[in-house]
**Student:** 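Take a look at this one; I'll ask things after.
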Amino acid sequence: MNRYCKYHPGAEALWFCAHDGVFLCHQCVDGQNDNFNEARCLVCNQALAPSSQEQALPLWQQLDRFLRYPLQLTLLPVLLIWAVVAAVIPPLPALFALTVLGGIPAFGFAQAIMASKAQVRRRHQRERQPSWQDLSSGHGWKGALLQAAPAVVLLLAAIALMIWVSVPAGLLLGTITMLLVPALWLAIQVRGADPGSFAAALTYMVSAPRDYLVAALLGVLGWLSGVAVVMVVMDVLPAPLTQAVGGALAAYGWLVLAAACAALLEQHGRLWGLNPGAPRVTQSLAERRQRVLLCAGRFDKVLLGAAKAVKGKKPALGDWRQYDQLLAILGKEEERALQVEPYLDALVAAGDWQGALHLINEQRQREADWLPSGPATRLALAQGLYDPAPKMVVALLKDMHQRHPDFTGLGEAYLLLAKTLAEKFALSGKAEQYLRFVDHHCRDAKLRMQVSELRQAWAE
């Protein structure tokens with residue numbers, strides 16, 4: 001059953017947080033790109049476990065599933081083929097090796113079973129059972145033969161020892177072989193289809209010792225029980241039927257062990273470098289933490305981070321916008337009112353005139369006569385709001401000589417106010433009063449020239 005992230009609906013859950021009891025995706029985790037053992041939840045900062053490990057049962061509790069696996073309709077012909085081939089081979093020791101030909105489908109299916117767990121499954125993709133098409137495609141045959149070669153050679157040697165030397169010696173060699181076979185199979189799946197991969201077999205024995213021991217003992221049990229069954233039936237059945245029973249048992253045990261190794265790959269694949277899950281996250285850790293905390297409803301934590309951001313050296317407009325939104329969500333209107341002026345400065349610096357107008361109107365609903373206190377901010381706002389909000393321009397600039405008589409931009413402000421009154425409201429008489437103020441109080445030749453140009457334009 002697919003599990004999905006609590007904070008990103010639809011995203012596949014790769015981690016489980018035992019502290020909060022929730023499943024998380026790769027966006028909700030800190031540290032998963034470098035070392036999955038150090039992954040931590042962005043909400044509670046507690047260590048996480050891969051969700052696949054949380055869901056899976058220990059191997060010893062899945063033995064019944066492994067034993068039933070070869071009995072599927074798709075795999076029953078595999079048992080039959082090995083049984084038929086073994087039955088038609090003459091019962092001569094020299095022809096034992098030919099009996100292995102009947103196991104070729106079993107070798108291919110075993111490799112496909114393990115490969116299906118070693119590959120990364122995408123979200124919403126169901127687990128696919130190996131089919132006969134996997135064998136006809138030819139993919140994976142090199143790995144299948146490399147996995148089969150050491151097991152077949154050593155088991156044939158064990159059978160030869162039992163026939164010509166000693167039954168206990170043959171059983172011992174077969175037991176040692178089956179203890180090593182899962183590690184050899186895992187090495188090919190993890191490291192690739194190359195004989196050099198066998199050198200890493202010890203790694204898989206010691207990195208997951210409990211589960212590996214279960215798989216190895218399952219292989220040993222299959223070997224010993226198979227030999228015991230063949231030794232019993234050989235006294236009551238003809239040689240061809242005895243060989244058929246041996247071939248069917250070999251195919252059955254081979255596929256059971258492959259299913260156990262596939263479970264090992266599924267549960268411990270991350271530890272061995274398989275199943276990395278989601279791609280590397282491109283968003284910064286701070287952005288992901290804020291998003292996850294917002295999804296989790298932890299607005300108090302996000303507010304602390306946002307407050308720290310706006311008090312930094314160069315807060316971005318996005319930081320101010322988020323801080324204001326959080327204050328509004330949490331109902332902190334008093335704190336929000338205190339941050340209007342610096343937030344307005346950020347909007348002016350970014351040229352967001354619609355946002356600035358909205359913020360001013362919102363503050364004027366709290367205080368009817370409120371306007372920004374800084375004259376430079378008022379002038380910048382008036383220049384930006386000339387077309388969209390001329391009434392606000394008038395409110396920002398009128399009586400500025402009384403409020404800020406020493407403002408160096410007073411002439412420019414009143415020139416803009418006069419232009420607004422004349423061109424937006426057709427109040428030329430009122431505009432002339434501000435033009436005369438600029439004539440009498442400003443010595444800047446450029447401003448005087450602009451006054452003359454405006455008068456000439458209005459006269460026409």
Side-chain angles (χ1 to χ4, degrees), residues 310 314-321 323-325 327-328 333 336-460:
V310 299
K314 294 181 179 180
L317 178 59
D319 297 328
W320 277 108
R321 185 174 287 116
Y323 186 48
D324 184 67
Q325 290 174 349
L327 290 174
E333 292 299 328
R336 194 180 179 204
L338 294 175
Q339 301 298 327
V340 169
E341 294 258 7
Y343 182 21
L344 192 60
D345 291 340
L347 290 168
V348 170
D352 187 355
W353 307 116
Q354 291 297 333
L357 180 61
H358 176 75
L359 183 62
I360 293 173
N361 290 333
E362 195 174 51
Q363 181 64 15
R364 284 168 71 89
Q365 290 178 359
R366 302 188 192 100
E367 303 177 35
D369 298 330
W370 184 89
L371 287 172
S373 58
T377 302
R378 288 195 183 193
L379 177 58
L381 281 168
Q383 291 170 340
L385 297 176
Y386 176 76
D387 287 321
K391 288 185 178 180
M392 182 59 66
V393 173
V394 175
L396 288 167
L397 299 180
K398 68 178 182 179
D399 301 330
M400 187 174 282
H401 67 286
Q402 297 177 356
R403 297 175 181 270
H404 307 283
D406 299 327
F407 179 45
T408 55
L410 187 58
E412 185 179 358
Y414 275 177
L415 193 63
L416 178 60
L417 178 57
K419 184 178 178 182
T420 303
L421 291 169
E423 296 181 0
K424 297 295 183 179
F425 300 102
L427 298 175
S428 301
K430 189 70 172 176
E432 180 62 28
Q433 296 179 11
Y434 290 101
L435 291 180
R436 285 198 297 269
F437 181 92
V438 175
D439 269 337
H440 296 156
H441 295 84
C442 298
R443 299 180 180 180
D444 190 336
K446 185 177 179 180
L447 288 177
R448 291 174 179 270
M449 184 179 299
Q450 290 178 354
V451 169
S452 300
E453 291 175 354
L454 286 176
R455 284 173 173 161
Q456 184 178 358
W458 296 341
E460 295 175 358

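We use all heavy atoms of the structure for the numbers below, so side chains are in, but hydrogens, waters and symmetry mates are not.
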**Student:** Give every residue pair that meets the salt bridge (charged side-chain N to carboxylate O under 4.0 Å, His left out) criterion with at least one member in residues 340-363, sequence neighbours excluded.
**Tutor:** Arg321-Asp352, Arg336-Glu362

**Student:** Under the ring pair (Phe, Tyr, Trp, His ring centres under 6.0 Å) test, which residues partner Tyr343, sequence neighbours left out?
**Tutor:** none

**Student:** Without hydrogens or angle criteria, can the side chains of Gln363 and Arg366 be said to hold a donor-acceptor pair below 3.5 Å?
**Tutor:** yes

**Student:** If only side-chain N and O atoms count, and only distance matters, is there a donor-acceptor pair under 3.5 Å linking Gln450 with Glu412?
**Tutor:** no

**Student:** Just verifying a value: how many Å separate Glu423 CD and Asp387 CG, rounded to the nearest 0.5 Å?
**Tutor:** 10.0 Å

**Student:** Donor-acceptor check, side chain of Asn361 to backbone of His358, threshold 3.5 angstrom: yes or no?
**Tutor:** no

**Student:** Quick check: do Asp439 and Leu447 have side-chain heavy atoms less than 4.5 Å from each other?
**Tutor:** no

**Student:** Ignoring hydrogens and geometry, is there a side-chain-to-backbone donor-acceptor pair from Arg378 to Leu397 under 3.5 Å?
**Tutor:** no

**Student:** Examine distances only and state if a side-chain atom of Arg448 and a backbone atom of Cys442 form a donor-acceptor pair shorter than 3.5 Å.
**Tutor:** yes

**Student:** Using a 4.5 Å cut-off on heavy atoms from C-beta on, say whether the side chain of Arg436 contacts that of Val451.
**Tutor:** no

**Student:** Determine whether a donor-acceptor pair (N or O, by modelled atom type, separation under 3.5 Å) exists between the side chain of His404 and the backbone of Gly374.
**Tutor:** no

**Student:** Donor-acceptor pair, distance only, cut-off 3.5 Å: does the side chain of Asp324 make one with the backbone of Trp320?
**Tutor:** no

**Student:** Report the residues that fulfil ring pair (Phe, Tyr, Trp, His ring centres under 6.0 Å) with Phe437, sequence neighbours left out, ordered by chain and then residue number.
**Tutor:** His401, Tyr414, His441

